[in-house]
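Quick notes on the structure that follows.
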Amino acid sequence: MDFIHFFFLSSLLFVIGVGGVVLNRTNIVVVLMSLELALLSVSLNFIIFSVCLSDLIGQIFAIFILIVAACESSIGLAIILVYFRVRGSIRIDQASLLKS
């Protein structure tokens, strides 16, 4: 099998995810989704290398990454929900509470 297409897809998803985190500085939900996309692309890359090298360790790492991503998204969404209830907005540029 030719795995170069899967590597290209995984790297493209990672670039889109990192680009979403870097370029979008207004909505925290979009930043969280972009971070999830980057984590899923890393997980896909581990699975591709695991199949390519006939090793099970990459798939185990991918499962751990998916578990961490699920926990991170649930905790992040809970924090965003509480922040929205307190402040009434989820914009990143209005998020600093330390400004005097």
Side-chain angles (χ1 to χ4, degrees):
M1 273 174 88
D2 189 23
F3 292 107
I4 193 71
H5 297 100
F6 296 117
F7 293 138
F8 179 71
L9 176 68
S10 177
S11 63
L12 180 68
L13 288 175
F14 185 76
V15 167
I16 291 172
V18 170
V21 170
V22 171
L23 296 177
N24 185 10
R25 290 294 181 177
T26 57
N27 195 351
I28 190 75
V29 176
V30 174
V31 171
L32 186 65
M33 288 178 11
S34 298
L35 185 64
E36 291 297 320
L37 184 64
L39 284 174
L40 287 175
S41 69
V42 169
S43 177
L44 179 64
N45 206 9
F46 272 123
I47 290 173
I48 292 168
F49 275 114
S50 174
V51 171
C52 190
L53 297 174
S54 299
D55 192 15
L56 193 62
I57 301 298
Q59 296 174 13
I60 294 171
F61 277 131
I63 290 173
F64 284 140
I65 289 173
L66 291 176
I67 290 169
V68 169
C71 294
E72 178 258 336
S73 66
S74 64
I75 291 171
L77 287 174
I79 291 171
I80 291 169
L81 181 67
V82 170
Y83 184 78
F84 179 75
R85 287 183 181 172
V86 170
R87 300 281 292 197
S89 174
I90 54 172
R91 293 180 53 94
I92 295 176
D93 53 358
Q94 299 173 352
S96 179
L97 295 176
L98 297 177
K99 288 183 181 177
S100 54

Nearest-0.5 Å distance that lies between atom [atom1] in [X] and atom [atom2] in [Y]:
X     : Y     : atom1 : atom2 : result
Glu72 : Leu35 : CD    : CG    : 4.5 Å
Asn27 : Ser89 : CG    : OG    : 8.5 Å
Ile90 : Ile80 : CD1   : CD1   : 6.5 Å
Leu56 : Ser50 : CG    : OG    : 6.0 Å

> Passes side chain to side chain contact (heavy atoms under 4.5 Å, CB included), Leu81 versus Arg85? Steps please.
Replying inline: CA-CA 6 Å; Leu81 181 67; Arg85 287 183 181 172; 4.0 Å; yes
>> Which residues end up grouped with Phe8 if you chain together Ile, Leu, Val, Met, Phe, Trp and Tyr wherever their side-chain heavy atoms are less than 4.5 Å apart?
In response: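 Taking Ile, Leu, Val, Met, Phe, Trp and Tyr as members, Phe8 stands alone, with no cluster partners.
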> What residues join Ile75 in its hydrophobic cluster, counting side-chain heavy atom gaps under 4.5 Å, either direct or through other members?
Replying inline: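 Members other than Ile75 - counting any ILVMFWY side chain reachable under 4.5 Å - are Ile79.
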According to a hydrophobic-cluster definition based on side-chain heavy atoms being under 4.5 Å apart (Ile, Leu, Val, Met, Phe, Trp, Tyr only), do [X] and [Y] belong together?
X     : Y     : answer
Val18 : Val15 : no
Leu13 : Ile65 : no
Leu32 : Val21 : yes
Leu12 : Ile48 : yes
Leu44 : Ile4  : yes

> Looking only at atom types and distance, does a side-chain atom of Ser10 sit under 3.5 Å from a main-chain N or O of Ser41, one as donor and one as acceptor?
Replying inline: yes
> Restricting to pairs with a member in residues 23-43, which pass ring-ring contact (aromatic ring centres under 6.0 Å, His included), not counting sequence neighbours?
Replying inline: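 Matches after skipping sequence neighbours: none remain.
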> Considering all heavy atoms of both residues, which atom of Ala38 and which atom of Phe14 are nearest to each other, and what is their separation?
Replying inline: O-CD1, 3.8 Å
>> So, using side-chain hydrogen bond (donor to acceptor under 3.5 Å, both in side chains) as the criterion, who are the partners of Ser73 when residues are at least two apart?
In response: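 Ser73 satisfies side-chain hydrogen bond (donor to acceptor under 3.5 Å, both in side chains) with no other residue.
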> Which residues pass the ring pair (Phe, Tyr, Trp, His ring centres under 6.0 Å) test with Phe46, sequence neighbours left out?
Replying inline: Phe61
> For Phe7, what residues pass the ring pair (Phe, Tyr, Trp, His ring centres under 6.0 Å) criterion, not counting sequence neighbours?
Replying inline: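 Counting only residues at least two positions away or on another chain, Phe7 forms a ring pair (Phe, Tyr, Trp, His ring centres under 6.0 Å) with Phe49.
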>> Applying the side chain to side chain contact (heavy atoms under 4.5 Å, CB included) criterion to Ile63, which one of Leu66, Ile67, Ile60 satisfies it?
In response: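 Per the side chain to side chain contact (heavy atoms under 4.5 Å, CB included) rule, the option paired with Ile63 is Ile67, out of Leu66, Ile67, Ile60.
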